[in-house]
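Counting begins at 1 with the first residue of the sequence. Owing to the predicted nature of the structure, the values given are computational and were not obtained by experimental measurement.
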Amino acid sequence: MYQDETIKLLRNEFTQRLLADCGLEKGMRVLDVGCGSGDVGIMVAEMVGDSGEVVGFDISEDALSIARNAARKKHIPIVRFIQADISELPKNIGAFDAIIGRRVLMYQNDPAQSIDCLLPYLKANGKIIFQESDCMAASFHVDSMPLHAKVQNWTWGTVAKEGGNIHIGRQLYSLMKNAKLNILLTRAEAILHTSESGSDFGQVAKMMGPRMISQGVVTAEEISTSTLEDRLQLELSGSDTPFIRDMAFGICAKK
Ligand SMILES: C[S@@+](CC[C@H](N)C(=O)[O-])C[C@H]1O[C@@H](n2cnc3c(N)ncnc32)[C@H](O)[C@@H]1O
């Protein structure tokens, strides 16, 4: 069965491969947009090495303090995490060889404007790389895995009610084209959750339960959190079709 850490590794593997294929290498200065708890920034710090530099920024002080602790524990001095909003970046952070962001455009009211705000910080030959998700597979499971289909709609419905754009993945290419960027690489991939591999979906759904209820997407009776994980596990183990939670899109471009 996928444990939390395993699925995180699979999701991070997509990011790592994307960034390596986009040409991130030793010595680069990289800006990590909406760095959250630092997973991507720390991964990139290892890619750019001691001769490189990573600046991660986020609006959330809570996330930043997790990121700073993680970098300290791993003894990575070339990464620093600062508090900033995309629309109000400090002028003195300089220019970057690469600007990257994962699952952050989905939370912007105007993602096109966010891209515009970032471009002045990109060097002339620099690369801008985004990874965003799309809930595109939600209707795929209705017949074969009805519980998964239902819970899938609850989870993405909650993200949407919280203001997240659940279709930003499919919009990413157009967003970057419309910003007059030259597209260098495009990619989309999904992780298949099967009866052999197991799934972390039950854990994710259970964790999101309180948010689903507070957003009014589902009632406590409907979701029955205490048995949810087991019911999902049972449905997956009896299914001969894979479950797909989302599709990850990655696009790399330059000015
Ligand atoms: C889903 S998390 C992704 C975190 C990280 N990129 C990752 O993939 O692990 C989105 C992050 O974007 C941050 N964020 C959202 N809007 C932002 C903005 N306008 N400026 C800076 N950070 C922002 C949030 O605080 C949150 O930490």
Side-chain angles (χ1 to χ4, degrees), residues 1-16 18 34-40 43 58 60 62-63 66-67 70 101-107 131-142 144-170 188-239 241-250:
M1 170 152 160
Y2 283 151
Q3 297 303 319
D4 256 3
E5 279 308 307
T6 315
I7 205 99
K8 195 166 155 185
L9 285 178
L10 283 173
R11 291 187 187 281
N12 278 343
E13 194 266 340
F14 175 87
T15 310
Q16 183 144 31
L18 172 71
C35 59
S37 46
D39 285 357
V40 177
M43 176 195 296
D58 203 286
S60 160
D62 288 347
I66 298 173
R102 184 174 76 173
R103 292 196 290 272
V104 62
L105 290 179
M106 69 180 288
Y107 293 109
Q131 177 185 334
E132 295 289 336
S133 296
D134 195 304
C135 80
M136 60 200 312
S139 60
F140 178 63
H141 314 284
V142 173
S144 54
M145 303 171 96
L147 181 62
H148 278 74
K150 197 158 63 170
V151 180
Q152 172 88 321
N153 284 332
W154 293 341
T155 57
W156 284 109
T158 302
V159 175
K161 280 209 162 186
E162 290 171 343
N165 177 348
I166 62 176
H167 293 304
I168 189 84
R170 74 184 68 170
E189 274 182 32
I191 296 173
L192 304 193
H193 303 223
T194 65
S195 52
E196 289 83 16
S197 69
S199 172
D200 70 338
F201 186 53
Q203 293 161 41
V204 171
K206 190 174 169 186
M207 202 176 64
M208 283 185 71
R211 281 164 56 197
M212 296 182 201
I213 295 165
S214 83
Q215 288 296 338
V217 169
V218 64
T219 65
E221 291 71 39
E222 274 177 298
I223 191 167
S224 297
T225 318
S226 61
T227 58
L228 183 64
E229 237 180 303
D230 287 347
R231 286 180 287 130
L232 284 166
Q233 175 58 30
L234 196 66
E235 187 176 74
L236 182 70
S237 55
S239 170
T241 57
F243 171 64
I244 299 175
R245 197 159 94 75
D246 62 357
M247 180 81 79
F249 285 75

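Using a distance-only test at 3.5 Å, with no hydrogens or angles considered, a donor-acceptor pair links the side chain of Ser60 to the main chain of Ala63. The backbone N or O of Gly198 sits nowhere less than 3.5 Å from a side-chain atom of Gln233 that would complete a donor-acceptor pair. Using a distance-only test at 3.5 Å, with no hydrogens or angles considered, no donor-acceptor pair links the side chain of Glu132 to the main chain of Ile168. A distance-only check finds no donor-acceptor pair linking the side chain of Trp154 to the backbone of Gly209 [under 3.5 Å].
Counting all heavy atoms, side chain and backbone alike, Met212 lies closest to Ala205 at CE-O, 3.6 Å. Nearest heavy-atom pair, Ser133 versus Arg103, reported as atom, atom and distance to 0.1 Å: OG-CD, 3.8 Å. Considering all non-hydrogen atoms of both residues, Glu229 and Gly202 come closest at CG-C, 3.4 Å. For the pair Met208 and Thr155, the tightest heavy-atom approach, listed with the atom from each and the gap, is CE-O, 3.5 Å. In terms of heavy atoms, Thr194 sits closest to Pro242 at CG2-CB, 4.0 Å.
Take Ser195 and apply the side-chain hydrogen bond (donor to acceptor under 3.5 Å, both in side chains) test, not counting sequence neighbours, and it matches no residue. Legend: residues meeting side chain to side chain contact (heavy atoms under 4.5 Å, CB included) with Thr225, ordered by chain and number and at least two apart, are Lys206, Ile223. For Lys161, the salt bridge (Lys or Arg N to Asp or Glu O under 4.0 Å) test picks out no residue, with sequence neighbours left out. By the side-chain hydrogen bond (donor to acceptor under 3.5 Å, both in side chains) test, Ser237 pairs with no residue at all, sequence neighbours left out. Ala188 meets the side chain to side chain contact (heavy atoms under 4.5 Å, CB included) test with Met247, Phe249; sequence neighbours excluded. With sequence neighbours excluded, the residues satisfying side-chain hydrogen bond (donor to acceptor under 3.5 Å, both in side chains) with Thr15 are Arg102, Gln131. Residues passing the salt bridge (Lys or Arg N to Asp or Glu O under 4.0 Å) test with Arg231, sequence neighbours excluded: none. Here Tyr107 pairs with nothing under the ring-ring contact (aromatic ring centres under 6.0 Å, His included) rule; sequence neighbours left out.
Note that the CG atom of Leu236 and the OG atom of Ser197 stand 6.5 Å from one another [nearest 0.5 Å]. With rounding to the nearest 0.5 angstrom, the CG atom of Asp246 is 11.0 Å from the CD1 atom of Ile166. Thr158 contributes atom OG1, which lies 6.5 Å from atom CD of Gln215 (distance to the nearest 0.5 angstrom). To the nearest 0.5 angstrom, Glu235 atom CD is 7.5 Å from Ser144 atom OG. Going from atom CG of Asp58 over to atom OG of Ser37 covers 8.5 Å, rounded to the nearest 0.5 Å. To the nearest 0.5 Å, the span separating NE2 on His193 from OG on Ser239 amounts to 12.5 Å.
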_Candidate pair Leu192 and Ile244, rule side chain to side chain contact (heavy atoms under 4.5 Å, CB included), full reasoning_ = CA-CA 5 Å; Leu192 304 193; Ile244 299 175; 3.6 Å; yes

*Go through the steps for Arg245 and Ile191 under the test side chain to side chain contact (heavy atoms under 4.5 Å, CB included), then give the verdict.*
CA-CA 8 Å; Arg245 197 159 94 75; Ile191 296 173; over 6 Å; no

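Judged as a ring-ring contact (aromatic ring centres under 6.0 Å, His included), the pairs with a partner in residues 195-233 (not counting sequence neighbours) are, in order, His148-Phe201, Phe201-Phe243. Residue pairs meeting the salt bridge (charged side-chain N to carboxylate O under 4.0 Å, His left out) criterion with at least one member in residues 213-224: none, sequence neighbours excluded.
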